[in-house]
Amino acid sequence: MTRKQWGLLTLSLLLLTIGGIIGTVVLIDPFEIYHQATAFIPPITNGTQNYANAGIAKSYEYDSVIIGSSMTENFRPSQMDSLLGGRFVKLCINGGSPYNHRQMMELAFRTHDVTRVFYGLDVEALTYFYTTPKCEMPEYLYDDDLFNDTAYWFNHSVLARYIPQCLKTLGQSDPDQRDTMYMWGDLYEYGKEAALRYVTITGETVEQGDLPEVPELSQQSGLNVYSNLLPFIEAHPDTEFIVFFPPYSLVQWVDFYQQGTMIYHLEQKEAVIRILLGYDNVKIYDFQAELDWVTDLDNYIDAWHYGPWINDAIVERVAAGENRITDWAQARENDEVICRHVEYIEACGAWPDDFSALDAGE
Amino acid sequence: MLFNSYVFILAFLPLTLLGYYLLGRLPERIPLNKLFLVLASFVFYGYNNPRYVPIIVCSILVNYALSQGMLAARRKCIRLPLMLLGLFLNLGVLFYFKYHDFFVTNVNRAFGLTFALNNVALPLGISFFTFQQLSYVIDSYKRTVPRYNILDYALFVTFFPQLVAGPIVLHSEIVPQFADPKNRRFNFDNFAPGLYAFALGLFKKVIVADTFGVAVEAGFGAAQTLNTAEAWFVALGYTLQLYFDFSGYCDVATGVALMFNIKLPLNFNSPYKSLNIREFWQRWHMTLSRFLTNYIYFPLGGSRKGTVRTCINLMIVFLASGLWHGAGWLFLLWGLLHGLASVLYRLFRKQYDALHPALQWLLTFGFVVVAWVFFRATSLSDALAILRSMVMMDFGPLRSEITSAFALPGGFHPGYNALYMMIWYAAALFACLGMRNTYEKTMAFKPTLANSFSTVILILYCVLSLSGVSVFLYFNF
């Protein structure tokens, strides 16, 4: 073999294999970046959602998006379609920061005519740094630059794990996937024990204050709202933004109280509500003082996370226009309910299974 | 731009080769191919941070002007100030970017002052292109160099394979090769071994060095708490990482340059096979040793002025080498250790050479491994803690942060990782000590089906290792 023959052979092999790899990934496209999968069930899981969301946002047909953390993962888009109208998809990022949610909205608005955003707003996530993703994202899938898709084409996980996974389900389809994707509702135990697993009610009085130990964190709320949410609301006056505050169990507020940050979080929430009330295309819903839900620990797998039936109920309430905040005094009232209940729980020194004494006092 | 990036492998390199050889078809008097290569090199240099392109452009123009001035002037009294100005400017820029903050920090600490730091990022490859041009400036002063046109000079400095991490080439090695008309045409005789060296170098850097790098990072991060076995594995791991990283980079540079029909000088000649410290420095980063020998050691008198002066000169050279590697006390200490070892070898050479070669190798390699600990550690206390752990005879389990770097894909039981780790170390040591190095393999390149397939597999393996899906399950909100 001459060096010329060797060079030609090696270059041809390189070109063939590289072309073959690109062709395979683009054709099968497990994360649906170029086209929605029709011949197999795509690998959309909680573990891959920061990849899968890029494909959903780019390739699916929709006019409405669900944005938020794990608090939004148990929503059923089909229920939302029928109750609220439109066609919903989930672009949830569990553990995501407002910056992550901004990344989702950017892609959705860039690729689709979005008429409605259903946004779950977590008060604690407002303290995450406003210019960095809390969950690292494969940015190359979220932009329009075809050249940096090389990281997708030559991705060893895509080739070795996800394409074989897709091929295993060849010929199958899962019509419910739009609803079931990211759902974790039936994976965990619910109840008092689960909800109180990581929080011990001390019964002690704790002084409430700012987030003094990390001052720069306490400045993030405003920055997050102004940089990662308002620009979309202002740029899309014809899009309806349904912003809701998720119903954490009261155990979570006890936890905030015991950390000394309950009042801080409530004040931040009220401040955000006051800002959002100034926009005609925003509807605010607050479920955090919905006592039937937040005092019943059978709804929870931990202090934060409620079961899918609560997601369904949230959609029903929104469709019926209930729990809507149109005046920030209503939000203040809700927050006072939370404070009173937290004080009562702390006074009991343990989780009171019965709140009737407090309710009777009201 | 990094060699181990998609943009380099899939776009920059093929397009630059194509452009260079297409323009090489023009008549020789129209050197558009060289101009193209200079411009491409600037793209390579400024790809991640274009702000530093003006620095290298100014550096080239000023050094070229000074050299032309010296080459035109017959009288030494004109050349000398120009040479001193060149030294001052080159070292001044290097000082400003590389050593200013180190110097000011120490002055502040020593005298309780608060001089401001620059906090500027080090321009890529500044140590390399500064030294490379210094050699030309000094040789221009001596009038031992020919006059080059600005394009040839710029190409000598910027030729991208060697621009950011060496080898530190001499003008006399590069410019005549670019001037040779037969090198203007694409040549499979050079391209084939070039591609082969590129594949081997990329594999050494991306797969071998970066795998050891994960374990080393974890080990040095926990420097204060390592047991004896871990400390040895971490020190040895860094020894291997550094060699595979740097020599792999140079292999890629050699391979890519060869694709352009340019032969770069050998920079790593299996240094861990050395039997004494002098030999080590004749095999490790050889072009830096050559520079320091020619431009510091010899001007100081080398070994011609008696034993004491020789020892002092050796110490100066190694301290300069330490400082060249980085602005920090630990680099200086590392240089000092190598200087001392070189002096001791100089003084006791007869006795040392009488030892059994196996013992000579063990002493040399052991010293190099220990010295690298100072080179890599972020503080003296970390370095000393690792060295202490190495001799404490406190054997315990290997922590998973270190062994998991060697895990096989596929979710095997993590208990096997320690076994894989032993295999990695054994294979890497064997590659360093028992195999021919890339340069030797490239020079003796024979086109066969086997090395064609291995070239393709290695390149694909590296390209596919650059990106994966990092599955995350945070699930707390």
Side-chain angles (χ1 to χ4, degrees), chain A residues 1-14 16-18 21 30-31 43 45-51 68-71 73 93-96 122 124-125 134-136 138 140 147-162 184 187-188 198 246 248 302 304-305, chain B residues 4-15 17-18 186-196 198-199 202 206-207 258-259 408-411 442 445-477:
Chain A
M1 188 187 270
T2 66
R3 290 190 173 194
K4 185 174 180 179
Q5 287 167 329
W6 186 95
L8 289 173
L9 172 71
T10 311
L11 278 181
S12 313
L13 284 174
L14 269 175
L16 270 177
T17 45
I18 285 174
I21 287 170
F31 290 129
T45 68
N46 295 68
T48 59
Q49 73 180 184
N50 44 357
Y51 294 81
S69 64
S70 48
M71 300 297 153
E73 289 181 312
I93 292 289
N94 60 49
D122 294 299
E124 202 198 26
K134 178 85 172 173
C135 303
E136 211 167 303
Y140 53 89
F147 290 113
N148 68 11
D149 285 8
T150 42
Y152 179 50
W153 303 338
F154 300 105
N155 192 302
H156 58 86
S157 313
V158 167
L159 283 166
R161 193 184 316 151
Y162 295 108
W184 45 261
L187 300 177
Y188 299 90
Y198 304 111
Y248 315 132
D302 57 25
W304 304 93
H305 293 92
Chain B
N4 51 329
S5 64
Y6 298 117
V7 64
F8 179 79
I9 299 169
L10 301 171
F12 181 86
L13 181 58
L15 291 177
L17 279 167
L18 201 66
F186 183 80
N187 183 353
F188 272 111
D189 287 342
N190 289 326
F191 180 81
L195 187 61
Y196 182 60
F198 172 79
L202 202 60
V206 174
I207 306 297
L258 213 45
M259 295 180 198
L408 289 185
T442 309
F445 175 79
K446 282 201 176 63
T448 62
L449 268 185
N451 58 24
S452 171
F453 288 153
S454 57
T455 300
V456 173
I457 290 168
L458 290 183
I459 292 176
L460 286 180
Y461 188 14
C462 294
V463 169
L464 291 178
S465 77
L466 297 179
S467 171
V469 168
S470 50
V471 172
F472 84 123
L473 248 188
Y474 182 72
F475 198 61
N476 176 22
F477 217 85

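Values below: every heavy atom of this structure, side chains too, minus hydrogens, waters and symmetry copies. Convention: sequence-line order gives letters A, B, ...; per-chain numbering from 1.
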Pick from [options] with the largest number of heavy-atom pairs that fall under 4.5 Å of chain B:
options: Thr17(A), Thr150(A), Thr2(A), Leu14(A); value: Thr150(A)
options: Leu8(A), Leu9(A), Asn155(A); value: Asn155(A)
options: Phe154(A), Phe31(A), Tyr152(A), Tyr140(A); value: Phe154(A)

Taking the side chain as everything from C-beta on, heavy atoms only, tell me whether [X] gets closer than 4.5 Å to [Y].
X: Thr10(A); Y: Tyr196(B); value: no
X: Leu13(A); Y: Thr455(B); value: no
X: Leu10(B); Y: Phe147(A); value: no
X: Lys4(A); Y: Pro447(B); value: no

When you look at CZ of Phe186(B), are more than 12 heavy atoms from neighbouring residues, nucleotides or ligands closer to it than 6.0 Å?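 More than 12 heavy atoms, drawn from other residues, nucleotides or ligands, come within 6.0 Å of this atom.
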
Where does Ile457(B) contact chain A at under 4.5 Å (heavy atoms): side chain, backbone, both or neither?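 Answer is neither: Ile457(B) stays 4.5 Å or more from chain A.
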
Toward chain A, the part of Asn187(B) with a non-hydrogen atom under 4.5 Å: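 Contact with chain A is absent: no heavy atom of Asn187(B) under 4.5 Å.
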
Work out which heavy atom in Met1(A) is nearest to a heavy atom in Leu449(B); give both atom names and the distance.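 That closest heavy-atom pairing would be CE-CD2, 3.8 Å.
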
Nearest heavy-atom neighbours spanning Leu460(B) and Ile21(A):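 Here Leu460(B) and Ile21(A) meet closest at CD2-CD1, 4.2 Å.
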
Pick from Thr448(B), Leu195(B), Leu466(B), Ile459(B) with the largest number of heavy-atom pairs that fall under 4.5 Å of chain A: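 Most heavy-atom pairs within the cutoff with chain A belong to Thr448(B).
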
Name the option with the most non-hydrogen atom pairs under 4.5 Å to chain A; the candidates are Pro193(B), Ala11(B), Gly194(B).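 Ranked by heavy-atom pairs under 4.5 Å with chain A, first place is Pro193(B).
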
Among Phe188(B), Phe445(B), Phe191(B), ring-ring contact (aromatic ring centres under 6.0 Å, His included) partner for Trp6(A):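 With Trp6(A) as partner, ring-ring contact (aromatic ring centres under 6.0 Å, His included) holds for just one option, Phe445(B).
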
Flag the pair Tyr6(B) / Trp153(A) as yes when their ring centroid distance falls below 6.0 Å, and as no otherwise.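 Ring-ring flag for Tyr6(B)/Trp153(A): false, centres at least 6.0 Å apart.
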
